Structure formats: C-alpha cells, structure tokens
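Structure provided below as structure tokens; questions to follow.
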Amino acid sequence: MTRKPYESKIGNGGETQQTGGAALTTNHGIPISDNQNSLTAGQRGPTLLEDFLLREKIFHFDHERIPERIVHARGSAAHGVFTCTDPIPELSRATLFAAKGKETPVFVRFSTVAGGAGSVDTPRDVRGFAVKFYTDEGNWDLVGNNIPVFFIQDAIKFPDLIHSVKMEADRGFPQAASAHDTFWDFISLMPESLHTVIWAMSDRAIPRSLRMMEGFGVHTFKLVNAEGESHFVKFHWKPVLGTQSLVWDESAKLQGADNDYHRRDLYEAIAAGDYPSWDFAVQVFDQDFADSLPYDVLDPTKIIPEELVPLRVIGRLTLNRNPDNHFAENEQAAFLPSNIVPGIDFSDDPLLQGRLFSYLDTQKSRLGTTNFHQIPVNAPKCPYANMMRDGLMQTAVPKGRANYEPNSLDEIGENPGPRPSAQGLATARQAVQGDKQRLRPQSFGDHYSQPRMYWHSMTDNERAHIASAFAFELSKVQADHVRQRVLSHLRVIDEKLGARVARGLGVALPQAATPFVAPQDLGTSAALSIQSNWQAKLEGRKVGVLIAEGSDKQALDDLIAAIEGEGGQAFIVAPKVGELQLKGGTIKADGQLAGSPSVLFDAIAMILMPKQAEALAKEAAAIAFVMDAYAHLKAIGHCKGSQVILDRAGIADGEGVGTNAQLAEMAKYRYWSREATLRDLA
C-alpha cells in the first residue's frame, strides 16, 4: 500500500501547512483543517474560548503524564510468550501448566527501584522483574525482582524503607542511589535487611543487560492441584544467555555514555530478532520439609538453596515484540500480586499479604480509575464478566438490569448475568487459629546466617567487589555512628568482611553487634555465584570494532563473520560516520568514536593501518576506547598496525588481549584476574 504524499505550503505567518495523507482529527473524529494556528478574534486579537481544537489539544497535553510509580518508576517492557515445557498437573491445576507446548501470551516489565522515571538505567539497585501472564483463566501477575530476597519481613515497613532510599526529603538528592545517610541509617537499625543488602552490594545489582538477569518471585507461594492438595513453591527465571554483570566503574561510566543503555539493549535485541528468553523453574516442597529448615520459609529475607531443593524447569519465556507505544503499554501496565489463577495461591508471608492490598490501591492512584483493567495492556485476553458497573472512564457498555446476584431475572426472559463457577479460584485448605497480635514470629529472627552463606559462596573476586561496594557506599555516609553500626553488623556476618570494609574506609572496627539469634554456618551454595556459573558464549553480546579510512575491508569482513558465527553482533566504530573508503571497498560506520565508547560493548577490536593508528594515538577518545575496555576486564583484539594505540595505553598482549583471529573466542569471557593489577579493591 502506497501512502499519499503530503502537500506543503507556507501559511500567512510563514509557518508550514501540510495537507494530504490520513486525515488529522480530534479525539472524537472531527477532521482538523489547521493544526498550526489558534482561533482568534482578528489576526492579532485574543484567542477565543470557542476554540475547542486548542482546548482539547492543550487539555490532553497537560495530562499526558500520569503520576509515576513511587518505586520501579523507570522501566522497560516487552511482549512475549510463555511455553510450558514440562506439565505439572499433579502439582497445579493452572491451565498454563497443563500441557506440553501450551502457549500463554505475556507482558514483561523490568525496572529499577529507587530512581524516578527520568533516572538512568545502570545504577547499583535492585531490578524489578514483573510478568503478566494472559492465561485462559484470567491474568496472573508474578511481580518479582532480580534478587530472591527482600529488605524487610513485614509490609508495614515498606514506606519506611522506600522513604530512606529515595532522595533525602530536605534536599531532593541523591537520585537513584543508596549511598547516603538515610538509607544506611535505616539498614543499620534493621538487621533483617542484611541479606538483601549483601546481594545489592554484589554484582547482582549492576546487571550487564536485562536479557542476562535472573528473576525471582521472592515470596513462597502455593501450588494447588485438582484434588485441592497444596505444596509450597518458589519461582525462578533463569536467562538462557546466562547471568552477567558489569563492573562498578563500567556501570558508572555507562550512566554518562548512555542513560538508556538497558532499555536500548532490550529494544534493539528484540527488533533484530534476537529474542531474549528465560527458563521458568520452580522449587516445590511440603510442610514437613519447611519445618525441617533452621529458618522460616514465610520469611521473605530467606532463600532455599538449590542444593536443598533443586530447580525443576517447567517452561520457557520468550520476548518477541516491542511495545507499540511506551506510554500506553509500559507506563500504564498495572501489575498486581493479587492477580492469581486457579492452581496458584498465596502463603502467609507477611510482606506478600501487605502487597495484596498495596498494589491495587496504587493503581487507582496512578491511573485514576477503578476501571484501569480495561486499558488494553491490562485487560485479560480471556472472556470476563461481573456485576461491577460505572466508575470513572468506564468504557464497557453493560446491558440489562442484572448488576447484582443472586437474581431471578431469567424467569422473565432477561439476561441474569454471570455466576460463580465450581471450577473457579479456591483457596488452599489451611487451618487458622490464634489471638490477634502485633508480634513477629521468633522463627524470623536469624538475620545473619544467610548473608554469611552468600558471602562464603562467592569467588575471591566477587568478595572483593562486595567489600568494595560497602566501602564506597559507606564513604558517602556523613553520620559516623551510622557507618559504625553497619560495620558492627558486617562483623557478625563475617569477621573478614567487616575488617576489609573498615580497612577500605580507613576507620577502626567497632564492637560486633549482638544478634537476636546467633548465626550458624549454612555452608555454601554454588548457584549464587555469577562468576562460577559463567556461560562462555558470545550470543547476545556486542563487539565494538574500531576502523578508519584505509582499513582492510577483507580483514573487517573476516572478523565480522567470526563474531556473527558465534552469535555475537559487530558494531563498527570510526572517527566519522560518513562513508569510509577502505582497502577493498567502502563502509558506513554504525557509530562515531566520540559517541561510542568501549563501555557500550562486551569486547573491542581494532583494524587500522599504521598511519591511521598513529593519528588516532593522539586522540584521547581512541586511547580511552582501549584503556576502558582493559580496565573493565574485556577482551581486546588488534592487528599489527594498531599496536601503537595499545603501547600508548600501556597495554600488552596477555590474557584477553590478542590478535583479531583470537577475538571471537576471547570475547566470551571477562578477565577477572586482571582486576587486581588495575584498582585497589577492599
């Protein structure tokens, strides 16, 4: 179909007027003849109230921004499909798990927690991982994070947690950062938060890509089968590309190089057909197993190590379509933990119980109406009907008088409306007894054993990252007593951790805190380490290749073929983006050197003639291109002609630095052993 070209002319005031193509209309379909000028009384007279076109346009513009989310305001989203790969009807009667190959549409939103909608993508922060399953029995919203535990045990503390980590109330900064007094003051007084904090100080909080990030349901839920039998369950998302993170300096520089790094990465991967995917796994256990553990499975600050309950993969999530409109879908998407389907049920986790109320209340505040479920991104894809009517922005048009039940209107020939179904959602059987009280269970009282397990499960390099992150964050704390109190908790987790952080700060170690419950040694869990579980693959990664006028096109073609042969993507960087004359052909670069620093890539390479390299060796951007890649532990491929740039940067061949022929294999790794020679880690 060919589009009719626009016809342009110049208006009375020199403005551009266009006609032709599809008709421009008001929100009510009325065609508009002039979209450049308001209706006035005379050419220079006052604007008339009669101008409903102006009023509608300005009215809508004034309300284009809805209140942003209090937390998880900055998010990126995509559509996709969930495919059941291992049915579990013996555990759950949920239809999306009923048959191998069954597909369920999904909408997924990833987000940071602390920053506003206009903040950056790569701060140190927990990431949201929210999935809306449009099942044939209604919507199921699994609203989780990329860290399997949470800071608090009871929802009543959530406002305090978020107030503490947000911008400080009297000054409005820092934005999207936990390195300040109020957060650490709160944390130091809430030792239950230490497990999540040690995850947040690890590389888990600075993911390389949303596509390379694990997800967790956080809470313990229940699966219920057709016979009404229930089991406890924890939900996991495992990225098929493997879990990868940035290093801290890289994360900080990305905030300047590309505020939208994660959003752009996700969007471009899907647009290119490199669909991100995750395996969906469950940990299933019964009450007897729960009772055997030295901690409470209803405590959201605890995990169950995979060594104790192995993961069972039951499905695959694939994101295959970008949103058509960022506002209509990403911003208006409303996720509610209270949205479950038959076969899934809640546990008595006190944090989860509070969320069941909070999210529904939040959607009314943000979206302005109880009818937010009618927004397309939120609407179920299965039939739905009830007796609820009216309300602001009601877009459905219910017919008849049946807005209540029970009724007998069918006896006089009228539609009586829907009724409850025997196959509908039913709560798992559970005995409930006890007095009303405001007491936390004593089984929630061990706040140090699991952080200790996490610390002991890391590689030496990962432990250095964690200690350094604590030292960096606490160096920003101005209240000495807060810093000392945090250190007193770290000593209880592990004496060496406390000593390393104190040494990194240059302060004396305080006396260790007195734990409510004495910590115990839970051993280690190999599944917790990113570096120990590294997947050596180039798939989904991007290599920046620096060229200039006169570079060898055949060498470039060979390198691109090697990168793409391993599933990677080559991004051509040059001093200019216009057409370049190469030895053997021409090419247009994908990005300019000054605007395409190596921090944007997983590895780099150079294909330069000696004279080109000599000229670039005088450019700070070229030296920084290789120096940052080396400092961020990335592979560097080069040709003989580009040696002068490496010499200028003080980089020699060695682990992760070699010829372009080696690059495709080298680029599958990060070179952690290099880090000790580059920076002073705690």
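For clarity, every value in this text was computed on a predicted model and none was experimentally measured.
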Among R401, M387, E414, which residue meets the side-chain contact (heavy atoms from CB on, under 4.5 Å) test with N407? M387
Checking side-chain polar atoms at under 3.5 Å, does N259 have a donor or acceptor matched by the opposite partner on R264? no
Matching residue for N339 among N378, N139, D141 - test: side-chain hydrogen bond (donor to acceptor under 3.5 Å, both in side chains): D141
Does R541 come within less than 4.0 Å of E566, counting only side-chain N to carboxylate O? no
Lys NZ or Arg CZ of K132 over F335 ring: under 6.0 Å, within 45°: yes
Carboxylate-amine/guanidinium contact D154 K157, below 4.0 Å: no
Please give me the minimum heavy-atom distance between A99 and C84, naming the atom from each residue. O-CB, 3.4 Å
Determine yes or no for a side-chain-to-main-chain donor-acceptor pair under 3.5 angstrom, with Q244 supplying the side chain and M212 the backbone. no
Looking only at non-hydrogen atoms, find the nearest pair between L522 and Y295 and report the distance. CD1-CE2, 4.3 Å
Among F107, F235, F221, F82, ring pair (Phe, Tyr, Trp, His ring centres under 6.0 Å) partner for W140: F235
Does D260 come within less than 4.0 Å of R74, counting only side-chain N to carboxylate O? yes
If only side-chain N and O atoms count, and only distance matters, is there a donor-acceptor pair under 3.5 Å linking H236 with E306? no
Shortest non-hydrogen pair, L317 vs V106, comes out as CD1-CG2, 3.4 Å
Would a distance-only check, ignoring hydrogens and angles, find a side-chain to backbone donor-acceptor pair under 3.5 Å from R69 to T362? no
Taking only Lys NZ, Arg NE, NH1 and NH2, and the carboxylate oxygens of Asp or Glu, determine whether D265 and R208 approach each other closer than 4.0 Å. yes
For A176, is there any backbone N or O sitting under 3.5 Å from a side-chain donor or acceptor partner on D125? no
Do D390 and Q394 have a side chain donor and acceptor closer than 3.5 Å? no
Testing the 3.5 Å rule here: is there a donor-acceptor pair between the side chains of H72 and R109? no
Donor on one side chain, acceptor on other, S347 and K222, under 3.5 Å: no
Side chain to side chain contact (heavy atoms under 4.5 Å, CB included) evaluation trace for K234 with I303: CA-CA 9 Å; K234 283 184 173 289; I303 65 167; over 6 Å; no
Run the salt-bridge test on K302 and D296 with the 4.0 Å N-O cut-off and return the result as yes or no. no
Around atom NE2 of H373, are there more than 12 heavy atoms from other residues, nucleotides or ligands closer than 6.0 Å? yes
Check: W237 ring centroid to F216 ring centroid under 6.0 Å: no
Does atom CD1 of I66 have more than 12 heavy-atom neighbours, drawn from other residues, nucleotides or ligands, at distances under 6.0 Å? yes
Tell me yes or no: between the side chains of D348 and Q430, is some donor less than 3.5 Å from an acceptor? yes
